[in-house]
Number of protein chains: 2
Amino acid sequence: MINTPIVHSGEACTKSIAAIRDTLYVLSGKWKLPIIIALKSGPSRFKDLQRQLQDITPKILSKELKELELNEFVTRTVYATSPVTVEYNLTKYSETLNKVIIEMSDWGLQHRKRMMNNSRKEKKSISLQ
Amino acid sequence: MINTPIVHSGEACTKSIAAIRDTLYVLSGKWKLPIIIALKSGPSRFKDLQRQLQDITPKILSKELKELELNEFVTRTVYATSPVTVEYNLTKYSETLNKVIIEMSDWGLQHRKRMMNNSRKEKKSISLQ
DNA sequence: TTTGTTGCTATACAAAAGGATACTGGTATC
DNA sequence: GATACCAGTATCCTTTTGTATAGCAACAAA
């Protein structure tokens with residue numbers, strides 16, 4: 001019961017929350033991580049990315065790429081071909097996200113498996129997309 | 001240049017994107033991870049959480065807690081005191097998120113440091129919250 | 001000359017997320 | 001009796017995110 005109210009140290013916890021908030025802020029939205037992962041297999045052009053991430057509209061893709069550029073995860077290079085060729089590439093700094101990406105990816109995989117088991121056992125569960 | 005267009009294996013990449021999407025879906029929003037971290041220091045009551053996560057409105061907190069319950073990250077226990085006491089607690093399953101949380105927290109810390117350096121050097125950069 | 005491609009931008013709109021504020025029922029305290 | 005606490009709900013509003021659709025400039029191919 002709660003006759004002994006828990007006193008939080010607070011400190012570490014608050015710092016951790018602030019740090020997570022920063023990360024969430026930079027990676028915010030549905031598309032930033034998917035774009036980064038798509039670029040992992042090599043530089044891509046605008047249309048390539050649109051095709052790979054099906055369902056993303058050019059407006060959003062453009063916006064997300066700009067933010068990724070500002071955060072120095074992605075570079076944008078224009079070649080004077082015709083029609084113009086624009087190549088997007090990952091930066092060295094984007095590699096610092098690798099561990100985050102791996103953990104999120106692993107977790108997603110195991111969670112999906114778990115959900116499948118749960119639904120076979122007919123337990124209530126939130127559905128995936 | 002792009003005379004040799006890169007052919008993506010696609011496979012692994014697509015799977016990874018799907019897995020990340022699942023993770024983003026389950027952890028979606030501004031508050032789920034902060035709530036989980038807040039609960040790491042022990043069970044909390046509704047008001048406690050509101051105080052710890054300052055600025056969260058009861059409506060949002062209530063909604064997020066329900067989703068966390070559905071996803072089996074959190075349990076809700078009601079004690080028949082008066083006024084009623086409701087305690088929120090982390091489940092065993094929530095611990096599977098630990099690695100994700102650690103990596104995101106670490107990344108956020110280093111990123112903030114980097115941003116501070118960048119702004120001292122007066123390079124343009126996206127601001128943190 | 002028409003059609004197509006690329007890399008976007010512009011406009012309008014819809015949906016989702018989040019916030020502000022007020023309130024409720026039950027009980028305890030002043 | 002008035003006020004306050006708890007655990008939320010209810011209502012309304014703003015902001016963010018995302019979609020749909022159209023268009024443009026510069027070519028290139030048919």
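Letters A, B, ... are given to chains in the order of the sequence lines, protein chains preceding strands, and every chain is numbered from 1. Quick note: numbers below take in every heavy atom, side chains included, and nothing from hydrogens, waters or symmetry partners. Owing to the predicted nature of the structure, the values given are computational and were not obtained by experimental measurement.
- With B/Thr91 contributing its side chain and B/Glu72 its backbone, the two residues share a donor-acceptor pair below 3.5 Å.
- Nearest nucleotide to the side chain of A/Val84, out of C/dG7, C/dG18, D/dA7: C/dG7.
- Ring planes of A/His111 and B/Tyr93: parallel class, angle under 30° (limits at 30 and 60°).
- Within the 4.0 Å cut-off from OP1 or OP2 of C/dG7, not a single side-chain nitrogen or oxygen of A/Tyr79 is found.
- Of the two residues near DNA chain D, B/Pro58 and B/Pro83, the one whose nearest nucleotide lies more 5' is B/Pro83.
- Across all strands shown, A/Glu64 has heavy atoms under 4.0 Å from sugar-phosphate atoms exclusively, and none from any base.
- With DNA chain C read from its 5' end, the first of the two nearest nucleotides for B/Ile56 and A/Ser62 is the one closest to A/Ser62.
- At D/dC5, none of the side-chain N or O atoms of B/Arg51 fall inside 4.0 Å of OP1 or OP2 (strictly under the cut-off).
- Relative to the side chain of A/Thr85, the nucleotides D/dA7, C/dG7, D/dG8 differ in distance, and C/dG7 lies closest.
- Here the closest non-hydrogen pair linking B/Gly108 and A/Asp22 is O-OD2, 4.1 Å.
- Both the sub-6.0 Å distance and the 45° axial angle are not jointly satisfied by B/Arg76 relative to the ring of B/Phe46.
- If you find the closest nucleotide of DNA chain D to A/Gly29 and to A/Ser82, the one lying nearer the 5' end belongs to A/Gly29.
- Of the side-chain N and O atoms in A/Tyr25, none sit less than 4.0 angstrom from OP1 or OP2 of D/dT16.
- Side-chain atoms of B/Lys59 and base atoms of D/dG8 include no donor and acceptor less than 3.5 Å apart.
- Here A/Thr57 lies in heavy-atom contact (under 4.0 Å) with a base.
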